[in-house]
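Written out below as structure tokens is the structure these notes cover.
Computed from heavy atoms alone, side chains included, the values below leave out hydrogens, waters and symmetry copies. Labels below follow one simple rule: chain letters A, B, ... track the order of the sequence lines, proteins then strands, and each chain is numbered from 1.
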Amino acid sequence: MADAAFLALSVITIGSAIAALELRSLVYGSIALMGTLGGIAGFFLLLDSPFVAMFQLAVYVGSIAVLILFTVMLVKRELIFKKVEDKRRKFVGIALMLVLMVSLGAVILDSGIKQITTDEPAVDFREIGEDFVTYYWPALILMGLILSGAVTGALVLARRVDEENGQRVN
Amino acid sequence: MLKDLITPQNANVFVGKLGDILEKAIDKPLGYAINWGRIWSLWPVHIETACCSVEFGAASSPRYDVERFGIIEAFGSLRQCDLVVVQGTITRKMAPRLRLVYDQMPEPKYVIAMGACAITGGLYFDSYNVLPGIDGVIPVDVYVPGCPPRPETLIQGCMLLQEKIKRMKARKFV
Amino acid sequence: MGTATGIIKALNSGIKHLAIKRFTLRYPEQKLKFVGDGYQFDPSTGVGIAGLKGRHMLFHDHCTGCQLCSIACEGVAEAIGMVKVPEEWKQNKKSIMPQIDYGKCVFCGLCVDACPFYALYMTNDYELSSFSKEGLIYTPAQLQVKPDVSQNSEIQISDRGATHG
Amino acid sequence: MSAESEKETVEKKTENPKPTADKNPKKPDVVPPTAKKTIPPKVATKEEPELPAFEKGIGDKITEKFGEKTTITFVKPDRVGIKVGRENIHEVAEFARDVLNYDHVDSVAGVDYPADKEIEVVYHLSSYTDPSLSRQILEIATRAQREEDPIPGNDATKLPSLRDIFYSVEFHEREVFEMLGVFFEGHPDNRRLLLPEDWADLPPLRKDFRNKGR
Amino acid sequence: MSVIAPNFKLSEFIKSILDNAFWILLILALIGIPAVQVILFYIEMPVINGELLTPFLALTWIADPSRTLPIIKAFMTTDLFRIAAFPGFGFAALLAAGTIFVERKMLAKLQLRVGPFYCGKIEGILQLMGDGLKLISKEIIIPAKADKPIFWAAPVLFVATAAAFVALIPVAPGWVVADLDVGLLAVFAIIGFFPIITILSAWAANSKFPFIGGIRALFQMVSFEIPLILSLLGAVILTGTLNLSEIAASQSSFPWIIFLPIGAIVFFVTMLAELERIPFDLPEAESEIVAGWLTELSGMMYGLVQLGTYLKLYAFAALFVVIFLGGFNGPMLWPPFPEEIITEGIELGPVTAQIPGLPVFSQEVLNGILMFVLKTVGVIFFILLPRGVFPRIRVDLLLDLGWKKLIGLAFVNIFIALGLLYAGILGPGGII
Amino acid sequence: MANELTEFVLVSVALLGIGIYGLAVKRNFIRMLFAVEIVINAANLNMVAFGRFLPHSGGQTLALFSIAIAAAEVAVGLSLIIVAYRMYHNIDIADYRSLKG
Amino acid sequence: MHTFLYKKVGFKAELVGELAGNYSTVVLMFGFAVAAMAPALVISRMLSPRKRSNPVKFLPMECGQVPTGEGRTQFMMQYYAYILMFVVFDVVAIFLYAWGSTILYLPKEATLPIIAFLGIIFAAMAFALSQSDRRKIW
Amino acid sequence: MSTPTLPPGLAIQKADERIMTLNVGPQHPGSGHMRIIVQIDGDYIVACDPDPGYVHRGEEKMAEYRNYVLNIPHLERPVIHDSCNILYPYVLGVEELLGLEVSERAKYVRVIASELNRCVYTMYWLAIYGIFLGHSTMFMWPAGDRELLIDLLEKMTGARVTHSYFIPGGIRNDLPANFEDVCLRQVNYFEKRIKEYADIFYDNPILISRTEKTGILTRENAIRLGTTGSVLRASGIDYDVRKKEPYDVYDELDFQTNVLKSGDSYARSKIPWLDMMESCRIIRDALQKMPKSGSVRVKLKPNPKGAIGSVYKRVESGRGALGCYIVSDKKAEPYRVKLSVPSFRNLIALPHLLIGEKLGNMPSVYWSLNYWPVEADR
Ligand code: SF4
Ligand code: SF4
Ligand code: SF4
């Protein structure tokens, strides 16, 4: 059962990842990206991390994908369907990808992690909350700073330039 | 002898007959059902062409509540509607728009011409900007006379339309 | 806080109205009652008599074929045309009488005002819808028929709202 | 909505009003503060219809100022009618606004006189701000030359627009333009208003345009 | 002229169906049964309970409740039953259909009129069926420049997403389609799909009004998602679990609305906004943008979106019940199953039948369902009521409300919950 | 269970490869953002997989942080795209370069 | 009273992927709805009359006008700030759940980091709201 | 600008990408019988061009072919639910031209009919205002309660809305027997009903937040644009033709005019409602003061001919001052009839109020102008 699910998920994830990059329309690309993100969420479920899985769905699919879609729809229609591609560059890219995958795969298969299996129960999601406020609390504060910085920065960036005097309005 | 009967042609004929019977069997109740649905769910499109819209509004007011007949005047988009009530005068400026609205509606669609103006031009028979009736623009199912028609007359017109739909063939199914 | 009380007041008003009687006139079963038999015009005094301006009614034995109604209507909607009738009447030598096209008539009653012989009335009949334009043209013979109406609902006002009895 | 954003909305509105408006000269202020003094406070009398003194006073004031250029056509209770040539209509209107205190136009009616080969445009002026004028209507009539074959906008049937004096005539003048073919010079927006886009006939309110069957 | 009342008869329709049924039965009896017998003759019969399942026996099973009941019970424990019928799709769709009808009648009553009346003999009870039949036989128009795959898929996905939401709702103890450890988070994850479907559908239609409507829907749903998420945190803090069934079970003595009224109010308001109901129905504001993102949807597509909307309405109302009103908890109102039927059996004329396997549902479950349905109906009433009472709000006011007032209130709610916990009123070792 | 850590890691590697490919080949700003997302997700998958197989809560916690950072990154990135689009009316990085000069 | 709640409920999964089975029902429900609703569209397509004679019918609906211009250009950039804020604060809100679901088993001091975190977030939020309010710059 | 530009709708806008042109109407639930071409930048309206004329039926031209009496039916069609009021200035003008004297009772009946009609109009307007704001109950209640008055008018005149009741020289028929009692009862109930709208509509915080401070028409602008009726009075100018230039018996009746200062949509929507209560007072007062019997109509010659000259008469209709300018040239038909309709005068304010507003404010601002498109188009 889990094997079948695993196979299906890998096919969905990897297939839609490729589709996200290769589909002509950016909107369809975004939908495919959502497929990838959802597939990853499925993997998280298979790994008994429902909290992370749902977080992934809520944050990635529920908000990041929305933002991406929104931005995609913001650009002109021609641009959504435009695809600039450099043939040579593509071959180089594919080669790079293959080299990377093969070498990394070889390294992984060669290394010891193949033996790692586990019979222990999964980690309860409540431990994450505990981690947040105990061991990882500096990270949490940092996280807060990063998020604040992100929202501030994004807002400041996305503001319209005032056409009249060519400066940002404050 | 029996062997002679069972030929591919005969089998085809038999299957075809069976199909016909099946079709008839399904067609009748389905046609009934669909026509019944259409009768009780006439959603008029929101197009106001002239002053008769006042009485059209009155027809959906609490006093002459047309929602009793399943007619709800609350749909903004013409894609969800199936009845055009031409509420009065069609001027030369409005006529192409009316036609466009009619064309953009999904099948099946029905038309009620409400008011003397929509039927023949009424008061404005000699006006330079008014069409003499809407028959030249869109096909009309029921005429509701009056200037403006009383809501009762409009309701009666709707009932006539229901009668007409009932007698229409829903569609050949299967 | 004003917002909260306003919202509560509005909701309360909505709920209160769930208990008020319905105002609906259930039309095909109930029909409104009107004043009198319909709009009439008394040519001697020059004043109309109140009543509903519905379908017309023609009294063949009064109509002289003088066409005044038709002339009046020409300025309104050209709904009246004069047609020949088979019968001979002594006051109507030309044997012409008005025929009314309700696809054009606007129920203004000015033809009734114009008729000097009390031959044209209006009645309480308003159910005139038809499948075809031809069905809307009423010949003198049809106009002669007194409509059979049973109209008896009236607005009744009580503490729990207005209804149609 | 916070007060700040509200202010911004208002600012925005004043910054770019109607898109067509920026081609125009600045609209004059509504009531110049000095205008109040020039008018003697009199109360209209309805009791003596034979002697509409107040109305007569208005007429006199206009004749005083413009003399020959205007003619008083009638003085009735609450109504004064004057007739002005097309050259002077602008000044007379300005006078009516600034001195006589009429502040808006009720209606602009065009009347075709084929016999005189002229089209008359009648402005009905009235006032909200001056209580003594609240019953009054001042009719200013002016005439434009009439063409037999009108090409609306491109022929001699032209009048100066009063839009810069009375802003309220904007749509009325557009209507007169399309209904009678009188082109208003200085009107920023002489466009078709009521008739269909494909109207190619005579302007309908001219007398030589006949309704069908009549 | 006389009135031609529409004398279309439901009875005629039923008659024609019965006609067909009769003929089908006749043909089956003449051809089908012998054929089945012949086939059965060659097939090896299974042995069940030590008995050979002859065709005769198989037929008697249908009539014998003592044999069918276990089968039904077994069927009821399957996922298919849960998904398709009871706590899942069928139950929710039934409630949704009831909601639509009640909404129309109630609105009509509030507005002093009658509402659907003639369709179906009694008070227009069949109105919904009429609308459904009409919609299903209506042409579907796909605008020429539309993005066809997305446009087709959007209504179906909308219903499916709503159904997935319904799957998380515990209706009675143990009766839930998916009992998840992180059920509440799953709810948030699923809610997140709605704006995507909306905006994709709006974009696919390639028309102005749907697009504006879609964008509005996006802003609205997205802005209200945060107060929605935050307003439920209070209950989670007090229960320490994200499992909806456990949250419901935790309220056996008192519902959380007593302690967290502010959270309940915030959740209710955000719920109205997420459901796009008046006063927050901006994405479908007819007087501004025709029908918003539904403008180009015709025929059954529109019907599906409506179905999805009402499923969503049910799910949200149920969520409110589960989190703030105690879910299936409540006083025992359901009468106990009569003991003597189990011990003595039912008298069926001359014979007395002993039917093992009864009752199908236990008393607790039935009472839970009853309480749940009662509460849900109450909440739905309050969701429907504003439609008759309030006008539509404006987009900027709405966003303002969502981002300033509701988020603030939600944090107040969280601090109330924290205070209750740390003051030792609730929680482990608390007073209550 | 039959699942092994290796399988997850291999999927993660595949995703990483695709992401790197996208970053290398695509010149469209939005596509590159997609590629970045894919890479980040590959990393998250690894983290959670290791966290599950050496049972430790750190894997999930770090994945959560990572997702959050991704959200921040996307917000900033898309704002950048909007600014760039507003300036050049294009979303192609190559075109930005040509327009700049 | 309901003490059962306040003891930490153990996590059920012993084997890798065991929990995923629970979630499959949600997916099944989704699939069921698709399977049940897609035929509705197909049947509707079969039953409904179709006339495609007039190309006008398939134009986008625009209030009885022949549409002009692009259908997909308009954006309420004025409110873009809100959607940016949503992406960030959505994360924050769900972070709070990780903490909120554990709070019963944590010591009281453990609330401090969260309060600091919230403080930072509130500051950012205040700034963002003040920015998003200025309609002129969007 | 020497040549007229392209008609609206055919002109192709070449604009910045952010700007989108929306055609609101004619098939639009929020437009009525007209089209408003708005250009929006995001949520803000940056340009607005009203395009009326979808119901332009050439009434003024038609009036030149009919005699003074037969003009009545079509001249009341522009506002069929305010038909007494739109006919009023015409009838007054014709009476002046023909030199007719109207009896006292007829004057009172006219006032009653026109006040009833004003309420009928306002209720319909309010109903549509409700539906424009998305408040379906506020459509149903006024539309239903208005039927009480329609019932009265129907008893009086024989038609629900198009009464053709006034005629030069009086009214066409006397009141039916027992009318006063029924009228009093139904008007009292009506007044009770409209007071209930406060809770659900006028005091509704959502409505207030939505309409207050939107579409503000300042006092100066109101005068400059020549607006009239409720729009004017909402901007703080006390101008009501019934008070300022009383016609028929309005100077003998006891009523006030309502003025609000703020000039926003909310004030504009509230003035008609307050006016309705005033109308109820007028009706009660008039019923009391009315002579109980007497002739109601002067007998007219067929085809009466007017004196040479022109008249301009004004009345206060449900929407504002309604003027009628009649030029006569001693024929049976008028030489020119010009209706100066309040809707047309208020329309000019629409672009001014809408520019800079949000799209969501469009319906409320538009309809708060008390605008009836059919009347504006004539
Ligand atoms: S029939 Fe009468 S009420 Fe209807 S549109 Fe024509 S003129 Fe108006
Ligand atoms: S009622 Fe009026 S329209 Fe009808 S026939 Fe008589 S005059 Fe003509
Ligand atoms: S009905 Fe009267 S007016 Fe008409 S022709 Fe007969 S008598 Fe003359």
Can you run down the side chain to side chain donor-acceptor pair (under 3.5 Å) pairs that involve residues 33-45 of chain A, sequence neighbours left out, and say none if there aren't any?
-> A:Ser16-A:Thr36

What option among F:Val13, F:Leu33, F:Leu16, F:Leu23 has the most heavy-atom pairs under 4.5 Å with chain A?
-> F:Val13

What about A:Phe6 and A:Phe43, are their ring centers closer than 6.0 Å?
-> yes

What part of A:Ala95 gets closer than 4.5 Å to chain F, counting heavy atoms only: side chain, backbone, both or neither?
-> neither

Applying a strict 4.5 Å limit to non-hydrogen atoms, the region of A:Met101 in contact with chain F is both

Side chain from CB out, backbone as N, CA, C, O: work out which of these in A:Leu33 comes under 4.5 Å of a heavy atom of chain F, or both, or neither.
-> side chain

Do any N or O atoms from the side chain of A:Ser25 and from the backbone of A:Val27 form a donor-acceptor pair under 3.5 angstrom?
-> yes

Could you check which of F:Asn41, F:Ile67, F:Leu45 has the highest count of heavy-atom pairs closer than 4.5 Å to chain A?
-> F:Asn41

Non-hydrogen atoms of F:Asn44 and F:Ala63 that approach each other most closely | OD1-O, 4.2 Å

Counting heavy-atom pairs under 4.5 angstrom with chain F, the leader among A:Gly105, A:Ala139, A:Gly153 is A:Ala139

F:Leu78 backbone acceptor or donor facing A:Thr71 side chain under 3.5 Å = no

Name the region of A:Leu140, side chain, backbone, both or neither, that has any atom closer than 4.5 Å to a heavy atom of chain F.
-> both

Side chain, backbone, both or neither: which part of A:Leu142 has a non-hydrogen atom closer than 4.5 Å to chain F?
-> neither

Proximal component of F:Leu15, with respect to chain A [non-hydrogen, under 4.5 Å] | side chain

Is any side-chain heavy atom of A:Met34 less than 4.5 Å from a side-chain heavy atom of A:Leu69?
-> yes

Answer yes if the ring centres of A:Tyr60 and A:Phe55 are under 6.0 angstrom apart, and no otherwise.
-> no

Structural part of F:Leu10 lying under 4.5 Å from a heavy atom of chain A = side chain

Looking only at F:Leu64, F:Val76, F:Leu62, most heavy-atom pairs under 4.5 Å shared with chain A are made by F:Leu64

Taking every non-hydrogen atom, the tightest pair across A:Gly38 and A:Leu57 = CA-CD2, 4.3 Å

What part of A:Ile14 is in contact with chain F, defined as an atom under 4.5 angstrom from a non-hydrogen atom: side chain, backbone, both or neither?
-> both

Heavy-atom proximity to chain F below 4.5 Å, by part of A:Ser30 | both

Can you see which heavy atom on A:Ala53 is nearest to which on A:Ala41, and at what distance?
-> CB-O, 3.5 Å

